[in-house]
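If you're wondering where the values come from, they're calculated on a predicted model, not measured in any experiment.
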Amino acid sequence: MPELASVTSLASSALKQEELFPIREVSRLTGVNPVTLRAWERRYGLIQPTRTDSGHRLYSQADIDAVRSILAWIERGVAVSKVGSILAKSTSSRSVAAPAYDEVSTDDWSQWQDQVRNALQNFDEPRLERLYGQIFSCYPLPVVFQDIFMPVWQELLLRQDEVGQRGQWLMLDGFLRGRCRQRLQVRRGETCDRVLVVALPSHCRELELLAGALLLHNQDIDITVMGPGVPIGDLALICERMRPQALIVFSNQPPGAEFPQQLVRLALGLECPVALAGDSADLAEESLAGSAIACLGNEGRLMQRRLKQFLAGHLDT
């Protein structure tokens with residue numbers, strides 16, 4: 001098949017030279033006007049494009065991804081002046097986990113994303129299904145979700161006011177939620193360690209919770225997902241009845257001043273240990289230092305490794 005041949009070649013070779021984009025193209029791709037892009041650069045140092053000899057800005061794919069990350073944090077209610085420190089912590093955390101495919105350029109992932117976008121623009125679910133299978137045949141699960149599909153999902157989420165974007169987002173959101181549930185069910189009941197993963201109200205969307213649970217999953221752990229939207233006051237009763245080996249609270253929201261204390265109080269009333277995963281885990285790590293709460297991070301390989309250590313009692317909290 002011509003399509004299969006073309007997408008297979010994407011995974012086997014990286015582009016020799018990184019493509020750079022002018023500011024008007026970055027504005028078109030992200031929905032952020034050029035004046036704002038320049039302000040983020042000059043005032044906050046959030047992005048650092050290269051310059052031509054004549055002084056024109058050129059942006060890499062990494063710069064475009066950074067713009068989308070900035071938008072995502074602003075959408076969650078974070079002031080733009082505070083986004084820089086959050087992005088720095090997130091980047092530092094992801095660098096801890098060794099990349100699974102160092103030899104593969106992010107340009108390859110960008111090309112896969114373009115094919116996913118094309119399928120969504122045409123509302124072509126059979127093609128989306130084929131792409132999903134082909135991408136999984138080339139990359140491990142963390143790359144498939146964190147580096148290819150979820151950035152497209154986040155991009156569409158932030159642009160839902162534009163004509164056609166919400167329909168595309170709904171299609172991708174429903175598609176990925178279904179695939180996450182399928183994969184979480186594969187080994188249910190076959191393992192000895194049962195872990196409950198929950199999200200408190202307004203701390204993430206359902207797909208973010210399912211994808212996070214999927215990244216935590218491995219053959220030795222039975223992941224049960226509840227939520228999103230479980231009241232923190234209900235968790236003691238839920239854990240008493242379900243008796244999980246551990247409770248993982250998943251959150252992609254910047255932690256408020258009360259959130260660490262809420263988790264500490266929760267842990268005091270449970271017989272099972274408690275861990276925090278998602279973007280909040282990196283942001284709240286300092287405030288939870290010395291408590292009984294373990295921070296698993298937000299990067300797939302790192303979260304899975306830390307969860308194994310946590311269940312074995314070898315992860316410092």
Side-chain angles (χ1 to χ4, degrees), residues 90 93-94 96-101 109 129 132-151 153-154 172-200 203-230 235 238-239 242-252 270 272-282 293-315 317:
S90 178
S93 172
R94 295 197 65 168
V96 173
Y101 283 81
W109 301 340
E129 181 74 63
Y132 178 83
Q134 290 158 4
I135 293 169
F136 252 109
S137 71
C138 299
Y139 302 109
L141 187 146
V143 171
V144 173
F145 277 89
Q146 292 193 154
D147 298 306
I148 298 177
F149 277 104
M150 291 304 290
W153 177 88
Q154 185 69 52
L172 182 59
D173 183 70
F175 177 85
L176 292 177
R177 281 189 287 116
R179 299 311 174 277
C180 285
R181 290 194 186 97
Q182 287 176 353
R183 290 183 173 271
L184 286 168
Q185 290 288 339
V186 169
R187 294 183 178 274
R188 173 146 297 172
E190 298 179 8
T191 55
C192 57
D193 286 332
R194 186 183 190 187
V195 172
L196 176 61
V197 180
V198 302
L200 305 180
H203 276 243
C204 68
R205 293 180 182 266
E206 184 180 16
L207 177 58
E208 293 175 306
L209 174 63
L210 290 171
L214 190 59
L215 292 170
L216 287 162
H217 185 271
N218 66 63
Q219 62 182 2
D220 300 319
I221 299 173
D222 182 2
I223 297 286
T224 297
V225 182
M226 181 175 293
V230 180
L235 290 175
I238 292 170
C239 290
M242 294 183 69
R243 298 188 181 278
Q245 273 69 44
L247 170 68
I248 299 176
V249 177
F250 186 88
S251 174
N252 276 345
L270 300 181
C272 65
V274 179
L276 178 64
D279 290 335
S280 286
D282 290 328
I293 311 298
C295 291
L296 304 184
N298 68 346
E299 198 281 332
R301 291 171 292 270
L302 180 64
M303 286 196 299
Q304 194 172 99
R305 185 167 68 245
R306 285 183 173 177
L307 178 57
K308 288 182 179 180
Q309 296 171 339
F310 178 56
L311 293 175
H314 299 149
L315 180 65
T317 59

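Inter-residue side-chain proximity for Val249 and Val198 is flagged as met; some heavy-atom pair is nearer than 4.5 Å. The side-chain heavy atoms of Leu247 and Ile238, taken from C-beta on, include no pair separated by under 4.5 Å. For the pair Leu235/Leu200, a side-chain contact is recorded, criterion being any heavy-atom separation below 4.5 Å from C-beta on. Here the side chains of Leu311 and Val195 are in contact, with some heavy-atom distance below 4.5 Å. The side-chain heavy atoms of Val225 and Phe250, taken from C-beta on, include no pair separated by under 4.5 Å.
Nearest approach of Leu216 to Gln304, heavy atoms of both residues: O-CG, 4.0 Å. In terms of heavy atoms, Cys239 sits closest to Pro244 at O-CD, 3.5 Å. The minimum heavy-atom distance between Asn252 and Gly278, with the atom names listed, is OD1-CA, 3.8 Å. Heavy-atom minimum distance, Met242 versus Arg194: CE-NH2, 3.3 Å. Taking both residues in full, the closest heavy atoms of Met303 and Leu215 are given as CE-CB, 3.8 Å, listed atom of the first, atom of the second, then distance. Residues Leu214 and Arg183 share a closest heavy-atom pair of CD1-CB, 3.5 Å.
Atoms CG and NZ, from Leu296 and Lys308 in turn, are 13.5 Å apart once rounded to the nearest 0.5 Å. Expressed to the nearest 0.5 Å, how far CD of Glu129 lies from CD of Gln134 amounts to 10.5 Å. In this structure, the separation between CD1 on Ile223 and CG on Leu210 is 11.5 Å, given to the nearest 0.5 Å. If you take OH on Tyr132 and CD1 on Ile148, they are separated by 11.5 Å, rounding to the nearest 0.5 Å.
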Side chain to side chain contact (heavy atoms under 4.5 Å, CB included) evaluation trace for Arg305 with Leu302: CA-CA 5 Å; Arg305 185 167 68 245; Leu302 180 64; 3.4 Å; yes

Derivation and outcome, side chain to side chain contact (heavy atoms under 4.5 Å, CB included), residues Cys180 and Leu207: CA-CA 8 Å; Cys180 285; Leu207 177 58; 4.1 Å; yes

Worked verdict on Glu208 versus Met150 for side chain to side chain contact (heavy atoms under 4.5 Å, CB included): CA-CA 9 Å; Glu208 293 175 306; Met150 291 304 290; 4.3 Å; yes

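Between the side chain of Asp282 and the backbone N or O of Gly297, no donor-acceptor pair lies under 3.5 Å. In this structure a side-chain-to-backbone donor-acceptor pair under 3.5 Å is present from Gln146 to Gly300.
For the pair Arg179 and Phe149, the NZ or CZ position fails the cation-pi test of under 6.0 Å to the six-membered ring centre and within 45 degrees of the ring normal.
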